[in-house]
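The first residue in the sequence is number 1, and the count goes up from there.
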Amino acid sequence: MWTEITQAKYDRKGQRYASDVTNAEWALIEPELPGKRPLGRPREVALRAVSDAILYIARTGCQWRQLPREFPPFTTVQHYFYAWRDGGVLEKINFALLLQAREAAGREASPSAGIIDSQSVKTTESGGPRGYDAGKKVKGRKRQIVTDTLGLLVGGEIHPANVQDRDGATLVIGTICDLFPWLRHLFADSAYTGGGLDRAIAKFGHWTIEVVRRSADIAGFAVLPRRWVVERTLAWLNRNRRLAKDFEASLASAKAWLYLGSIQILLRRLGRA
């Protein structure tokens, strides 16, 4: 329900574009971005302008060449996007903001339980790895994500859609097991049963996966405990039109846009605090 207090928190009329970061939000991510290099050509572009441009593309889904002229040249923005993608900068920012968001919510910085799920999305003619998900009847890729119990993105991986969820789970667990030492329990749906998943994830430590099943006597839509949290997160991420489809030729770029969607969620949450 909208009130005078909540409307003021969510209002972004003072921004040039609604996707632009506020001063409070920029103060959160600026320390996590790479500093100036001691050698080479001096930096001539402001990183805040580059960040605003990348978040604009994530939110609107426009092509690189359609970037408005108020932003730096699209080739410059592309250069920083690929550099941050390959340097793990986006994952680092997401990690730092996640810890701050959990502490702001009165939780321990490292979660002890999470929820795992996947989303199959169509790809375009851009090429790259893809597959056919016979269950969802989607030709494209899967986004395999893990969230904490608040619905904040802990980690994510991209793989062809023909890879089973229980096989893709090892990919995302492998990326988060060292970052979150207390996270060893996951809630999931029945797609994560069988196939030797327990043996496959044993190499990452003592992990347990609790399957939340749908009751047989429930007809139609029903909100299932724990599982609804990750479904809501996928809906949050899909507010970014760049994620409506997978437009990327590489899995690395697709993963980068996934993390950018999460970063935008965390910035909004922390910036309103």
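Looking at every heavy atom in both residues, Gly271 comes nearest to Ala24 through O-CB, 4.3 Å. Among all heavy-atom pairs drawn from Ala101 and Leu266, the shortest one is CB-CD2, 3.8 Å. Taking each heavy atom of Ser250 and Arg85 in turn, the nearest pair found is OG-NH1, 3.6 Å. Between Leu260 and Leu90, the shortest heavy-atom distance links the atoms CD2-CD2, 3.9 Å. When all heavy atoms of Phe180 and Pro111 are compared, the pair lying nearest together is CD2-CD, 3.5 Å. Nearest approach of Leu197 to Ile209, heavy atoms of both residues: CD2-CD1, 3.4 Å.
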Test ring-ring contact (aromatic ring centres under 6.0 Å, His included) on His206 and Phe204 and set out the steps.
CA-CA 7 Å; His206 182 64; Phe204 302 118; over 10 Å; no
Under the side-chain hydrogen bond (donor to acceptor under 3.5 Å, both in side chains) criterion, do Thr208 and Arg184 qualify, and how do the steps go?
CA-CA 6 Å; Thr208 56; Arg184 290 296 181 265; over 6 Å; no
Between Glu157 and Lys255, does a salt bridge (Lys or Arg N to Asp or Glu O under 4.0 Å) hold up when you go through it step by step?
CA-CA 6 Å; Glu157 284 292 333; Lys255 180 179 175 180; 2.8 Å; yes
Kindly indicate, with the supporting measurements, whether the criterion salt bridge (Lys or Arg N to Asp or Glu O under 4.0 Å) is fulfilled by Lys142 and Asp165.
CA-CA 9 Å; Lys142 277 185 183 178; Asp165 285 351; 2.9 Å; yes
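Using a 4.0 Å cut-off between a side-chain N of Lys or Arg and a carboxylate O of Asp or Glu, Lys122 and Asp246 do not qualify as a salt bridge. Taking a cutoff of 4.0 Å between a charged side-chain nitrogen and a carboxylate oxygen, Arg12 and Glu25 qualify as a salt bridge. With respect to Arg242 and Glu248, a salt bridge is recorded, a charged nitrogen being found less than 4.0 Å from a carboxylate O.
The aromatic rings of Phe81 and Trp257 sit parallel to each other, their planes meeting at less than 30°, with 60° as the upper class boundary.
By the rule that hydrophobic residues join a cluster once side-chain heavy atoms approach within less than 4.5 Å of another member, Val163 and Val138 end up as members of separate clusters. Transitive grouping of hydrophobic side chains (ILVMFWY, heavy atoms separated by less than 4.5 Å) keeps Ile173 and Val211 in distinct clusters. No chain of hydrophobic side-chain contacts below 4.5 Å, direct or via other Ile, Leu, Val, Met, Phe, Trp or Tyr residues, connects Leu153 to Trp182.
In terms of modelled atom types and a separation under 3.5 Å, the side chain of Asn240 and the main chain of Leu243 share no donor-acceptor contact. With hydrogens and angles ignored, the 3.5 Å screen pairs a side-chain donor or acceptor of Arg141 with a backbone N or O of Pro129. A donor-acceptor pair is defined here as one N or O able to donate and one able to accept, closer than 3.5 Å; no such pair exists between the side chain of Asp117 and the backbone of Val146. Not one N or O on the side chain of Asp133 forms a donor-acceptor pair closer than 3.5 Å with the backbone of Lys137. Side chain of Arg130 to main chain of Thr124: a donor-acceptor pair is present (N/O by atom type, distance under 3.5 Å, no hydrogens or angles). In this structure a side-chain-to-backbone donor-acceptor pair under 3.5 Å is present from Thr233 to Val229. Although no hydrogens or angles enter the test, the distance criterion places no donor-acceptor pair under 3.5 Å between the side chain of Glu32 and the main chain of Val89. With hydrogens and angles ignored, the 3.5 Å screen pairs a side-chain donor or acceptor of Thr60 with a backbone N or O of Tyr56. In this structure, the side chain of Arg241 does not engage the main chain of Arg59 through any donor-acceptor pair within 3.5 Å. Remark: side-chain polar atoms of Arg48 are paired, donor with acceptor, to backbone N or O of Val21 under 3.5 angstrom.
Aromatic ring centres of Phe71 and Tyr17 lie closer together than 6.0 Å.
Note that the CH2 atom of Trp84 and the CD1 atom of Ile93 stand 6.5 Å from one another [nearest 0.5 Å]. Taking CZ from Arg226 and CG from Leu186, the interatomic distance works out to 12.0 Å, rounded to the nearest 0.5 Å.
Of the options Ile116, Leu171, Thr170, Ile158, a side-chain contact (heavy atoms from CB on, under 4.5 Å) to Gln144 is made by Ile116 and by none of the others.
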